[in-house]
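Everything on this sheet refers to the single structure shown next.
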Amino acid sequence: MCCDGTLFDLVRLEPGDDARRLAQLGLPIAPGRGRQAARFPQPCAALCADGSCRLYADRPGQCRAFECRLLQEAKAGRVSFAAAARRVATARRRAEQVRRLLRALGDHDEQRALGERFHRTSERLESGTADAAASARYADLSLAVHRLKLEAHAHFHTPPADAPAPRAAGKPRRT
Ligand code: SF4
């Protein structure tokens, strides 16, 4: 979920990252502008079907630094790894429900992050062209996205209170 567009819309490069090499390795790097860092979108082009990272040895700094809250809690012994796995399964089910509803509402753009897909679908439906059935589905979608965001905020994005401050958040949060 850290790399497939569920939790994040993009990854920002850090000063130590070699943007040219990462681009050569297949990441679609968008150059930085002004104070904006260079970045690449999620779902990640380096994510393999088995969930592994094709660029693991060369992955960017944010990818190296990021540990979700749940992993930090499990490593600290405050959550069992079995309980953490159940929590991940719950979040994946919520994300899949969001994907199902997006498809039902006509968005099949699986190569974009869930947050971006939801925003685009919202704009389209809120422009006033939705019939009653689509409006009902959109209500379900909004609720499903809200639940997923709560789950992500509580268990994946927010660092534990005792986490070290530097780079604990790793990848940028979804908007
Ligand atoms: S480079 Fe690898 S670790 Fe980083 S987002 Fe892509 S798949 Fe994930």
Side-chain angles (χ1 to χ4, degrees), residues 1-76 79 81 84-100 102-103 107-121 144-145 148-160 163-175:
M1 288 190 294
C2 305
C3 310
D4 72 357
T6 298
L7 295 177
F8 303 102
D9 292 352
L10 56 90
V11 177
R12 293 190 181 91
L13 298 192
E14 296 188 330
D17 292 324
D18 185 340
R20 184 178 299 181
R21 172 155 172 73
L22 289 167
Q24 285 169 350
L25 290 170
L27 290 183
I29 305 289
R33 266 195 235 131
R35 293 168 63 177
Q36 268 195 349
R39 59 193 57 207
F40 60 97
Q42 307 278 273
C44 185
L47 180 62
C48 301
D50 66 358
S52 63
C53 172
R54 182 170 54 76
L55 309 180
Y56 194 74
D58 298 295
R59 67 200 188 285
Q62 293 272 14
C63 303
R64 290 175 190 276
F66 180 71
E67 287 186 346
C68 72
R69 177 179 184 142
L70 197 54
L71 179 56
Q72 292 179 57
E73 299 275 21
K75 284 168 78 172
V79 175
F81 278 94
R86 286 195 294 276
R87 181 62 68 189
V88 169
T90 298
R92 290 173 73 94
R93 275 198 302 277
R94 294 202 191 291
E96 195 44 50
Q97 185 189 14
V98 169
R99 289 191 174 91
R100 269 199 308 274
L102 283 166
R103 284 182 213 119
D107 184 324
H108 299 271
D109 199 352
E110 309 288 341
Q111 296 311 308
R112 289 188 191 270
L114 283 188
E116 190 181 344
R117 291 175 68 185
F118 176 62
H119 285 305
R120 287 197 323 184
T121 298
V145 168
L148 178 60
K149 281 186 174 179
L150 287 179
E151 187 86 14
H153 182 72
H155 303 291
F156 299 98
H157 285 154
T158 313
R167 304 172 73 199
K171 294 179 177 183
R173 289 182 191 179
R174 266 177 58 176
T175 51

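Counting starts at 1 for both ligands and their atoms, in listed order.
- Here the shortest heavy-atom pairing between Phe81 and Lys75 reads CZ-N, 4.1 Å.
- Residue contacts with ligand 1: Gln62 is excluded, as none of its non-hydrogen atoms falls under 4.0 Å.
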With a cut-off of 3.5 Å and sequence neighbours excluded, list every side-chain donor-acceptor pair involving residues 88-98.
unit_1	atom_1	unit_2	atom_2	d
Thr90	OG1	Arg86	O	3.1
Thr90	OG1	Arg93	NH2	3.4
Arg94	NE	Glu151	OE1	3.4

Donor-acceptor pairs under 3.5 angstrom involving side-chain atoms of residues 45-52: please list them, not counting sequence neighbours.
unit_1	atom_1	unit_2	atom_2	d
Asp50	OD1	Ser52	N	2.9
Asp50	OD1	Ser52	OG	2.6

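- Contact atoms of ligand 1 toward Cys53: 1 (S), 2 (Fe), 3 (S), 7 (S) (distance under 4.0 Å to a heavy atom of the residue).
- Proximity to Gln42 (heavy-atom distance under 4.0 Å) selects the following atoms of ligand 1: 5 (S).
- Atom 4 (Fe) of ligand 1 has Cys63 among its coordinating residues (N/O/S atom, backbone or side chain, under 2.8 Å).
- Atoms of ligand 1 lying under 4.0 Å from at least one heavy atom of Cys44, given by number and element, are 1 (S), 5 (S), 6 (Fe), 7 (S).
- Two residues are said to be in side-chain contact when any heavy atoms from C-beta on lie closer than 4.5 Å; Phe8 and Leu114 fail this criterion.
- Residue Arg21 qualifies as open at atom CZ: its count of foreign heavy atoms under 6.0 Å is 12 or below.
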